[in-house]
Amino acid sequence: MFESLKTRPADGILALMQMYKDDPRPTKIDLGVGVYKDATGLTPIMRAVKAAEHQLWEAQDSKVYTGLAGDPAFSDAMIDLVMRDAVPRDSVAAVATPGGTGAVRQAFELIQMARSDARVFVSDPTWPNHLSILGYLGIEVVNYRYFDEDTRGVDFDGMIEDIKTARAGDVVLLHGCCHNPTGANLNMTEWRAVVDVLLETGAVPMIDIAYQGFGDGLEEDAAATRLVASSVPECLIAASCSKNFGIYRERTGLLMAVSQNTEARKLHQDTLAFLNRQNFSFPPDHGARLVTMILNDDALKADWMAELEEVRSSMLGLRSQLAGELQQLSGSDRFGFLAQHRGMFSRLGTTPDKVVEMREKHGIYMVSDSRMNIAGLNEHTIPILAKAIIDAGV
């Protein structure tokens, strides 16, 4: 049976991680892995998470399965965090999933089940796993222009022109905030124009929101998702708790199906639960339980929000410092986009050969498309990175 298996292409980021580990230089910098790191290079457990875990350890008296959809209290807490009162609660069906990736996978399977001929419009570039899962499922992908390599901002006119070619029943995949891998985001005026196109074409939006709280703030980062959900007949939303709660390994995510036809909610809920059953049965609960405890406890929530704001402010500070250092070295404002981008990532907009040059000469490890994790920096490594960028002629 197994003789017919073929070797799969190596994951570029995992290969980059190994190269970084093997590099003996003490000044090497890891900007490849998509996890938040503090100034010491540690991905810490947040204070509120630690406190909630202690409470859970003392109070929990069973490890029995949750329901197929996960604990309803988790869904309620996350729907409130992401949506607030943008849509009525009875218009949202939701299931817990193994991380944001699990939510994305379930959404794509739901699309395939509901409309086998649907095409999924995906930003160019996007998170590589979007394309990997869509390819594995055999769903047709249509790229739409997104990143302008010259301005390092959004090619909004190109984006609009491309998504206008979507048909009713197609899906347009959008990043709710902190676009991965570019860091370039739409403003609210542009989001309203996207909504107008969706209404005009009849395409269904799917929003992947993995970084709420990492960009401009918890409420600000959710504004676009709320606008879309409240404006269109139906949409899908995949949310992750990995980054903003720092619980990467607990695999905590939520898939929401929103419809203005509230009578369809039971069908949607039953279908989402069915998909969970086929893929992994009952979703993991530990991370979901911690998130629920934090969001439903005033003291824990306040502490979590304060620490999340510290994380966000730290990344903004690193962005400003790097842009300032590059301005000083280059004598120009051409790197000002770094301070304007939001979230963990920015894309330099340079060539793979210059990425290799920075790695070989300076020990700067970033993926070949020049996406770099801003959270992998600190005040001491920023001058090293800035010099490498200038020396490579980026």
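Just so you know, these numbers come straight off a predicted model, no measurement behind them. These numbers come from the heavy atoms of this one structure, side chains and all, not from hydrogens, waters or symmetry mates.
Contacts classified as side chain to side chain donor-acceptor pair (under 3.5 Å) and involving residues 278-287 (residues at least two apart or in different chains) are given here: E53-H286, Q106-N279, R277-S281, D285-R289.
Using a 4.5 Å cut-off on side-chain heavy atoms (C-beta onward), Y211 and D221 make no contact. The shortest side-chain heavy-atom distance between R152 and R347 does not fall under the 4.5 Å cut-off. Looking at heavy atoms from C-beta onward, V95 lies out of side-chain contact with L254 at the 4.5 angstrom threshold. Taking the side chain as every heavy atom from C-beta outward, W191 and T225 never approach each other to under 4.5 Å. Inter-residue side-chain proximity for C177 and E220 is flagged as unmet; no heavy-atom pair is nearer than 4.5 Å. Proximity of F345 to T182: side-chain heavy atoms (C-beta onward) are nowhere separated by under 4.5 Å. Using a 4.5 Å heavy-atom threshold, the side chains of N276 and P283 count as touching. Side-chain contact between V35 and Y248 is present, with heavy atoms from C-beta onward closer than 4.5 Å.
The pair K164-E200 does not count as a salt bridge, with every side-chain nitrogen at least 4.0 angstrom from each carboxylate oxygen. Salt-bridge check for D303 with R47: passed, with a basic side-chain N closer than 4.0 Å to an acidic carboxylate O. Taking 4.0 Å as the cut-off between side-chain N and carboxylate O, D270 and K266 count as a salt-bridged pair. The residues D216 and R342 are annotated as salt-bridged, a charged nitrogen and a carboxylate oxygen being separated by less than 4.0 angstrom. Salt-bridge check for D170 with R115: failed, with every basic side-chain N at 4.0 Å or more from each acidic carboxylate O. Under 4.0 Å is where a charged nitrogen must lie from a carboxylate oxygen, and between D80 and R84 at least one such pair does.
Judged purely by distance below 3.5 Å, without hydrogens or angles, the side chains of S259 and N261 never pair a donor atom with an acceptor atom. Residues D208 and H130 have side chains that bring a donor and an acceptor to within less than 3.5 angstrom of each other. A donor-acceptor contact closer than 3.5 angstrom is absent between the side chains of R251 and T97. Inspection of the T27 and R25 side chains reveals no N or O donor paired with an N or O acceptor under 3.5 Å.
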Task: Check against side chain to side chain contact (heavy atoms under 4.5 Å, CB included), H362 and D391 - done: CA-CA 10 Å; H362 299 277; D391 286 352; 3.3 Å; yes
- [ ] Give the intermediate values and the outcome of side-chain hydrogen bond (donor to acceptor under 3.5 Å, both in side chains) for residues Y365 and D23.
- [x] CA-CA 10 Å; Y365 286 80; D23 189 334; 2.7 Å; yes
Task: Verdict with reasoning, F156 to V194, per side chain to side chain contact (heavy atoms under 4.5 Å, CB included) - done: CA-CA 10 Å; F156 183 66; V194 169; 4.2 Å; yes
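In this structure, R312 is not positioned above the aromatic face of F214 in the sense of NZ or CZ being under 6.0 Å from the six-membered ring centre and within 45° of the axis.
Put simply, V172 and L137 are part of two different groups of oily side chains (I, L, V, M, F, W, Y) that touch within less than 4.5 Å, one to the next. Linking ILVMFWY residues whenever their side-chain heavy atoms come closer than 4.5 Å, directly or via other members, leaves L236 and L174 in distinct clusters. I133 and I209 fall into different hydrophobic clusters, where Ile, Leu, Val, Met, Phe, Trp and Tyr are joined by side-chain heavy atoms under 4.5 Å apart, directly or via other members.
For T201 (side chain) and V197 (main-chain N/O), a donor-acceptor pair under 3.5 Å exists by modelled atom type. Formation of a donor-acceptor pair under 3.5 Å by the E190 side chain with backbone atoms of N187 is found in this model. At distances below 3.5 Å, not a single donor-acceptor pair connects side-chain atoms of D90 with backbone N or O atoms of T262. The backbone N or O of G169 lies less than 3.5 Å from no partner atom in the side chain of R119, so there is not a single donor-acceptor pair. Judged by distance alone, with hydrogens and angles left aside, the side-chain atoms of T126 form no donor-acceptor pair with the main-chain N or O of V122 at under 3.5 Å. A donor-acceptor pair under 3.5 Å is formed between the side chain of R265 and the backbone N or O of V92. At distances below 3.5 Å, not a single donor-acceptor pair connects side-chain atoms of D333 with backbone N or O atoms of G336. T292 contributes a side-chain N or O that, together with a main-chain N or O of A288, makes up a donor-acceptor pair within less than 3.5 Å.
The structure places OG1 of T271 at 6.5 Å from CE of M113, a figure rounded to the nearest 0.5 Å. Atom-to-atom distance recorded for R192:CZ and L186:CG is 12.0 Å, nearest 0.5 angstrom. Rounding to the nearest 0.5 Å places CG of N244 at 7.0 Å from CG of L218. Interatomic distance, CG of L173 versus OG of S123, reported as 6.5 Å (0.5 Å rounding).
Under the 30°/60° scheme for interplanar angles, the aromatic rings of W304 and F245 are found to lie parallel.
Here H179 and F147 keep their ring centres 6.0 angstrom or further from each other. Side-chain rings of Y144 and F121 stay apart, their centers remaining 6.0 Å or farther from each other.
In plain terms, the two heavy atoms of G349 and S370 that are nearest each other are N-OG, 2.9 Å. Heavy atoms only, all atoms of each residue included: V258 and A229 are closest at CG1-O, 4.3 Å.
Annotation: K28, atom NZ; neighbour count of heavy atoms from other residues, nucleotides and ligands within 6.0 Å is above 12. R334 CZ: more than 12 foreign heavy atoms inside a 6.0 Å radius. When the shell of 6.0 Å around CG of D298 is examined, it contains 12 or fewer heavy atoms from other residues, nucleotides or ligands. Within 6.0 Å of CD1 on I45 lie no more than 12 heavy atoms contributed by other residues, nucleotides or ligands.
I382 shares a hydrophobic cluster with I29, L31, L318, L322, L326, L329, F335, F337, L338, L348, V355, M358, I364, M366, M372, I374, L377, I384, L385, I389, I390, V394; the chain of contacts runs through ILVMFWY side chains whose heavy atoms sit under 4.5 Å apart.
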